[in-house]
Each structure stands twice: as C-alpha cells, then as structure tokens.
Amino acid sequence: MRTKLHGALSPLISLDRKSAKPFHRQIYDSFRAMILRRALQPGQQVPSSRSLAAELGISRIPVLGAYDQLLAEGYFESRAGAGTFVSSFLPDEALAARPGENGGRAKPGPVVISKLSRSLPVEWATWARGPGAFSVGQMAYEHFPLRVWSDLVRRRVRKVRASSMNYADPMGSKKFREVLTAYLRTARAVDCEASQIMVVNGSQQALDLCARVLLDPGSPVWVEEPGYDLMQQALMLSGCRRIPVSVDDEGLNVTAGIKRCRNARAAFVTPSHQYPLGATMSVSRRLQLLDWAHRHSAWIVEDDYDSEYRYESMPIASLQGLDHGGRVIYIGTFSKTLFPALRIGYMVIPLSLVDRFAAVRHASDFCSSQFHQAVLADFIEEGHFARHIRKTRLLYAERRSALVQAIHNVFGEQMQILGAEAGLHLVVTLPDGLSDVEISARVARQGFWLWPLSPCYMGTKARHGFILGFGSTAAADMPLLVKRMQKVISA
Ligand SMILES: Cc1ncc(COP(=O)(O)O)c(C=O)c1O
C-alpha cells in the first residue's frame, strides 16, 4: 500500500539556514538517511518538489536538485502521472553493503538489530532541541545555588578514599536513602522504609526498570491518553501492549480502563500532575485505581515528577501513601527541583519486589554514582534543598502568573489554558483546523519553542495545542513572547 506524506514530512526535514551545507545537499542527506533507516518505506510516495519547497519556505531549485540526485542514485523512482516514490527495490543486502560515508569502503555485514529497538524514533523532533523560552523540562538554572553546591562537591572530593571507589549496593547508598526516606514521608506522604528505596539515574531509568521487572512482551498495560512520550518509549522497549486510557479533569478514567482491559498487568500514571494536561487525580479515582489493582493483582507505577511545585494549594499527597496492599511503585526525581544533568531519581518499591528490582538493576548498570548521592545527602541535610524549593516555588509562581496573564491579554477567550495549577508547564489548546506539529516546526530555532500536544496521543483523536514550559523564562519576557506566539499561530 502506498502512503502519502503530507505535512508530516516537514518536521523531519529541517533546514539549517546557518549551515555552510547548501539546501539541496541537506534535503538529499535527510531523505537518504530516512530511506536507509527505513523511516521511509520502499514504495512510499514523497511530496512533489513544489509542495516540499512550499513547506520548507524555499525556492524549488534546491528541492529539484536533491530529487534529481536521489533519482539518479536509485533512492527515488518516478512514475509517470503518479508522482515520485521511494524506490521499491532497496533490498536489505544492498543497504547493508552500502559504501561507507568516507571513501567507499563496504560495511562488514547486515545490521541485524532487535525489532523493539527499531520501534523507537532515532531522531529527536526539531522542536525538542535545547533550551529557549517555553522549552519543556528546562528550569531556572541561573537561580541554582551553584556556590553552595560547589563547596559541597569540594568537601566531598577531599573525603574520597580507596574504599569508596568500589562497586556499591544497587539500591543506593544507605545514608542517602535514609535522608530520602525522611523527605518522602514528610513532603510526599509516602509510606516507606529506607530498605524500599532504590536510587536511580533519573525517573527514566526507574520507568525502564519497572517495564523490565513487571512486564512481559505482550502484557497489556494502561497508559494515560494523552501521556508522557518517554514513558511510552520505555514501555515500547519491553514489547508490552500499551492500552491508551483517557484522562479527564479527575485524571485517569479508571472505569474506561476497566472496560477496555480489566486484566491489564499494570497502569503507568502521573496522578499528582497528569502529563501533559495537568489534572490532579481525584481521591475517588485514586481509591478506584487501587481497588482495581488489588482485585486484579495489577501494579501501579506512579511517576511523581514535579509535585513539589503547586501554586494554589499545598502539594498533593502521593497515591502510594494510600496503598495498603503493596501494589504501587513510586518514582520521583531531582530533575525538576535541582537540575536534570544530575541524573538522580528514586523509586519506592513494594517489599515483595525489592529483591527482583535489585537483581535487574544489578544486571543492567550495577548502581548509581556514590559521589553525587553523598553530595546530595549533604545538600538536603544542611537545609539547602528546602531553601531552594521555597525560593523557586515563588519564582515559578511568578513566571506562571505572567504567562497566564499574557495569554489572557493576547488571546482572550480564544485560547483555553489547562493544568496551570502545578508543575513547570501548562497547556494551551488550538482552535480546530490548526496543526500544532506544523506550527511547532515553523518556530523551531527562532529562540522559542512550541511543543506540540498532539504527539502525546497514541490512539484516540488528538487535541492540538502546545505544552509551554515556563521554568526557564523570566516573567518580564512573557508578554512579548506570547505576542510572538500569536503572530506565528495567526500566520
Ligand atoms: C512526566 C515526566 N516524568 C519524568 C520526568 C523526569 O525525567 P528524569 O528524572 O529522567 O529526568 C519528566 C521530565 O520532563 C516528565 O515530564
């Protein structure tokens, strides 16, 4: 079957206007790379040179140049009256034996890799590269107490001994886990002992470990619709069967999940601040979810990624704290409260699973860095962490209000804002007929980012809108940025 590539192509071919490489070469390279890694399938139709040129906002000449080259080399074929297609005859052997990039040496043999790894996208979307206004997952790094942190690092470096250089406990350092236990009990109402805590390299590793320990290929798993793309990708690598379950103002719709697949093995959820739409799961839904998990011996994975930041009420207690049957695996991270390059997160594991998780962790990467756990334990124990949260809560509250106000001023009733009560992002929805992916691709690299909402959906009809991070953008800049956003949307 032939597939047409309408607007979906533009984010994949992104021209670097500052590059010394001419446009025709950039277009040629992008197509060739996509064909070779099978992102474009043999026989698939490609856009006409005219429409691609229009999508990219350039003249037709470089597009024609690239197409001619691809036709000449056999990557494309043209069919009279039908258009241009990816060549139907690109056998695997020929691709595997293709000449190397530098100097025509043949590759040693076919590249046989797992189907699961091939299911992941290999290119980052153009809108997801680097810092800039509205970028999601960016924090106010300039407000991080770097002096204090550096002093603590220096103090710890002086204490390094030969004995602290060995492999360590896959669960994490004892001291740090004790510090975390006190924090989680107090700040997140998590019901835990230090022996249940595993220190991990960010929540992403925790999600990966949950998938490895809890799921088999084909296991049905509830995922939020819309949901967190990197959670989806961790699940894709396990080969499980993801079942999208809708979310509404009360979070995951448990009744809908039960209707779709009562016997799911697990549910992966973000109850404190649903990603991306921002709902807080109501108590009745939490109890319903726990009840379902107990009745069906299912697991609940709670990704509690940014609940330290809540602006109109106290932080919401964890779902794990309501569980009396050991069905919840709780995940937290320092990526939002401190900085993501730290790569420190943690899990609270039900006692029945601790040994399994430790064994799988040991087999995958032994343990986390001891050094940074020690520094972070000092940082928390000496009060710097609590101080930093208090300070940044006020800062982010100010940035959030400025953004909400600017959206109201510029768009009035035209734009709906969702999920602004907590965290470091909010969502704005677009009027019908506008494509968030197309607009996002257009603004990429103009100094601000509009992360599209629709790719967060996997099954049902997607809503279009933007996920706007406000953590790294000064309040004073919001009015101007929102005006620029309006310009781009109305263009
Ligand atoms: C839903 C969600 N979970 C977790 C994380 C944090 O991931 P990590 O701790 O691996 O940096 C993020 C970061 O953006 C997120 O959006």
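Just follow the structure's listing: the first ligand is 1, and inside any ligand the first atom is 1.
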Using a distance-only test with no angle check, is there a side-chain donor-acceptor pair under 3.5 angstrom linking R387 and T392? no
Identity and distance of the protein heavy atom lying nearest atom 10 (O) of ligand 1: R343 NH2, 2.8 Å
Find the distance between CG (L426) and CG (L403) and round it off to the nearest 0.5 Å. 5.0 Å
Protein heavy-atom partner closest to atom 15 (C) of ligand 1 - residue, atom, separation in Å: Y228 CZ, 3.4 Å
Once you round to the nearest 0.5 Å, how far does CG of D249 lie from CE of M281? 13.0 Å
Should S203 be counted as touching ligand 1, given the test is an N or O pair under 3.5 Å? yes
Test item: Y305 side-chain N/O and G423 main-chain N/O as donor-acceptor pair under 3.5 Å: no
Modelled atom types, side-chain donor and acceptor of E302 and T270, under 3.5 Å: no
Nearest non-hydrogen protein atom to atom 14 (O) of ligand 1, with distance, is K336 NZ, 2.9 Å
Considering only distance and modelled atom types, tabulate donor-acceptor pairs under 3.5 Å from the side chains of residues 470-488, sequence neighbours left out.
unit_1: T473; atom_1: OG1; unit_2: F134; atom_2: N; d: 3.4
unit_1: R484; atom_1: NH2; unit_2: Q446; atom_2: O; d: 2.7

Closer than 4.0 Å to some heavy atom of Q204 - which atoms of ligand 1 meet that? 10 (O)
Without hydrogens or angle criteria, can the side chains of D304 and S318 be said to hold a donor-acceptor pair below 3.5 Å? no
Hey, is M231 one of the residues with a heavy atom under 4.0 angstrom from ligand 1? no
Please list the nearest protein heavy atom to atom 11 (O) of ligand 1 with its residue and the distance rounded to 0.1 Å. S335 OG, 2.6 Å
shortest atom 3 (N) of ligand 1-to-protein heavy-atom contact is with D303 OD2, 2.6 Å
I'd like to check which ligand 1 atoms, numbered from 1 as shown, lie under 4.0 Å from a non-hydrogen atom of G202. 9 (O), 10 (O)
Would you check the N or O atoms of T333, main chain and side chain alike, for any that come under 3.5 Å of an N or O of ligand 1? yes
Test item, Q205 contacting ligand 1 (heavy atom, 4.0 angstrom): no
Under 4.0 Å from one or more heavy atoms of Y275, ligand 1 contributes atoms 1 (C), 16 (O)
Roughly how far, to the nearest 0.5 Å, is the CG atom of L376 from the OG atom of S173? 9.5 Å
